[in-house]
Number of protein chains: 2
Amino acid sequence: MPTRKQEKVVSLKEITVACQECSLNEICLPVGIDKNDMEQLDAIIDRKRPLARGDHLFKVGDRFRALYAVRSGSLKTFATSEDGQEQVMGFQLPGELVGLDAIAHNNHPLTARALETTSVCEIPFDQLEALSTQLPDLQRQMLRVMSQEIHDDEQSMLALGQRSAEERLAAFLISLSNRYRRRGFSSTQFNLTMSRGDIGNYLGLALETVSRLFTRFQNEGLLKVERRHIELLDRDRLCQFSSANCDADNPVSRT
Amino acid sequence: MPTRKQEKVVSLKEITVACQECSLNEICLPVGIDKNDMEQLDAIIDRKRPLARGDHLFKVGDRFRALYAVRSGSLKTFATSEDGQEQVMGFQLPGELVGLDAIAHNNHPLTARALETTSVCEIPFDQLEALSTQLPDLQRQMLRVMSQEIHDDEQSMLALGQRSAEERLAAFLISLSNRYRRRGFSSTQFNLTMSRGDIGNYLGLALETVSRLFTRFQNEGLLKVERRHIELLDRDRLCQFSSANCDADNPVSRT
DNA sequence: CGATGACTTGACTGCTGTCAACGTGCGTGG
DNA sequence: CCACGCACGTTGACAGCAGTCAAGTCATCG
């Protein structure tokens, strides 16, 4: 570490990047908002100290106060059934918003937990709402983001409802690949920040099934996997396996 | 504009009910909007001639122009895979909005088809957006509705991901029951407007499985089923079967 | 009255879950 | 530095839930 920290608040100031300079501002909430307006949005955003792996951003039942945008790292969101079982509902990468499902009832139906060291931008919802009435572009973007979330959830439902285990895992990997690419990372090599259990849980599969599929995909030359490091060797064939429209998941082209 | 269309479509005028007088205005888009504002909302809404069973409200790929609120009847929304297979994503009852997933990309990712004679209110989206900037309550309600949709989709994902066939069907029936009750219909007797195939498709089950489960539920005294007519005899036990928090689906209590 | 579509029921199969044992990497502490 | 424990991951054996295929029943409609 470069040890720039001079005092305590200053160090926080340094890792703080305003929306205007944030590399994610083209895929995050500020999409479609002009520079001046972005300053106003920036002003209501609170950058918190990073979460450590395993920390909770919020828990089921917590009062809803703010939305969160992932700045770096990753999260998983999950519901907990009465017997303590988790159901993973999604994984959030940088630029993605968390907590949208809490607006309706003013409390969080899911828990969000950091999968690794993760920093987020906190966006107080009442201020966001107030600002939206003044900035039509912001209002529009909010609706877009929520619509996209609905669309993504529908894609997940589709996968869970009528795809085989192999199709689900292939689609999951392609989706991750697309999301990493969009963020400027490699689309063919990346590290999974979630466990096999989390993946299986999310995809509605037993973790053993996920493990077996990774082995099989590797034997078939589709990818190379070593613990959590993934290298996609034959992305096209993997795409076919997923029997999903692989480009549809990836609206980057619309920019 | 107080100009109710005077000539032209007299028959339509008769079936037209303004939001202010609509029995659904407490569960539909106008929730939380005061009388004056409701008039403005009402003014942009277009009431179309009813759809016949099997008619499409919109199809996959159609340009997104408007949201729709079901006024009477019911719809199903579904995606179509390249080989022509349907995947049912949901069923819409009176008071529910359709098309929210289309905002992000300006075209409809799903097809919506009437399951019976169905009338809808068409809400042109650009006008709705413009109006929302003037009516904070409307903006808030839009966000609430979309958040609720996200939440509902998450519940569906949960069911598809880790529930048995029996749990899924039980949860589906309870959900229908709750939704009918909220609309002032009986929560213990109703007609299914969708086929066994649709139900199975929606729940990620073969239609034969759905059929067998109906038979089994009936043999166990949980319900009485005759073709599409359902009578729930032991709602509590059905609730337990569904291993879902049956009240959570039913936010009617919040009113 | 036959055709059609929706639904039911039965027989069989197979995908995937469960249970269980084992391997592997990593951090901790002696 | 090594031993150990622990979490995570892999692999195998087996079973069962639900899918598929197929035949048969029922209601509706032309």
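Throughout, a chain's letter reflects where its sequence line sits, starting with A, and its residues are numbered from 1.
Between the CZ atom of B/R53 and the P atom of D/dC29 there is a distance of 10 Å, rounded to whole Å. The distance from atom CZ of A/R216 to atom C1' of C/dC15 is 11 Å, rounded to the nearest whole Å. Computed from coordinates, the A/E166 CD to C/dG14 P distance equals 16 Å when rounded to whole Å. Taking atom CG of residue A/N191 and atom P of nucleotide D/dG9, one finds them 12 Å apart after rounding to whole Å. Atom-to-atom, CG of B/L160 to P of D/dA18 comes out at 13 Å; the value is rounded to the nearest Å. Computed from coordinates, the A/R168 CZ to C/dG17 C1' distance equals 12 Å when rounded to whole Å.
Rounded to 10°, the helix from C/dC1-D/dG30 to C/dG30-D/dC1 has 30° between the axis fitted to its first five pairs and the one fitted to its last five.
If you take CD on A/Q87 and CZ on A/F78, they are separated by 11.0 Å, rounding to the nearest 0.5 Å.
Contacts with DNA chain D (heavy atom under 4.0 Å) in residues 194-215 of chain A: A/S195, A/R196, A/L207, A/E208, A/S211, A/R212, A/T215, listed by number. Looking at residues 85-93 of chain B, you'll see that no heavy atom sits under 4.0 Å from any atom of DNA chain C.
Side-chain contact of A/D62 with A/H108: a donor-acceptor pair under 3.5 Å is absent, judged by distance alone. When only modelled atom types and interatomic distance are considered, B/N219 and B/R216 share no side-chain donor-acceptor pair under 3.5 Å. In the model, A/D236 has no side-chain atom that pairs as donor or acceptor with a side-chain atom of A/Q240 under 3.5 Å. Side-chain contact check for A/S74 and A/E116: at least one donor-acceptor pair (N or O, by modelled atom type) lies under 3.5 Å.
Residues satisfying the side-chain hydrogen bond (donor to acceptor under 3.5 Å, both in side chains) criterion with A/R237, sequence neighbours excluded, are A/D234. With sequence neighbours excluded, no residue satisfies side-chain hydrogen bond (donor to acceptor under 3.5 Å, both in side chains) with B/E149.
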Q.
Within the 4.0 Å limit for protein heavy atoms, which parts of nucleotides 21-27 of chain C are touched? Write it as a string from 5' to 3', B for base, S for sugar-phosphate only, - for none.
A. ----S--
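Residue contacts for A/R228: at a heavy-atom cut-off of 4.0 Å it reaches the sugar-phosphate backbone alone, with no base atom in range.
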Q. Step by step, would you call A/E208 with A/R196 a salt bridge (charged side-chain N to carboxylate O under 4.0 Å, His left out)?
A. CA-CA 8 Å; A/E208 294 93 330; A/R196 301 289 191 269; over 6 Å; no
Q: Show your reasoning for whether salt bridge (charged side-chain N to carboxylate O under 4.0 Å, His left out) applies to B/E96 and B/R183.
A: CA-CA 11 Å; B/E96 295 174 341; B/R183 283 154 185 78; 3.2 Å; yes
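The pair A/E86-A/K76 meets the salt-bridge criterion, with a side-chain N (NZ, NE, NH1 or NH2) lying under 4.0 Å from an Asp/Glu carboxylate O.
For A/R53, the CZ atom sits in a loose shell: 12 or fewer heavy atoms of surrounding residues, nucleotides or ligands are nearer than 6.0 Å.
In this structure, A/S177 and A/L232 approach most closely via the heavy-atom pair CB-CD1, 3.8 Å.
Screening A/T77, A/V120, A/L110, A/L67 against A/V98 for a side chain to side chain contact (heavy atoms under 4.5 Å, CB included) leaves a single residue, A/T77.
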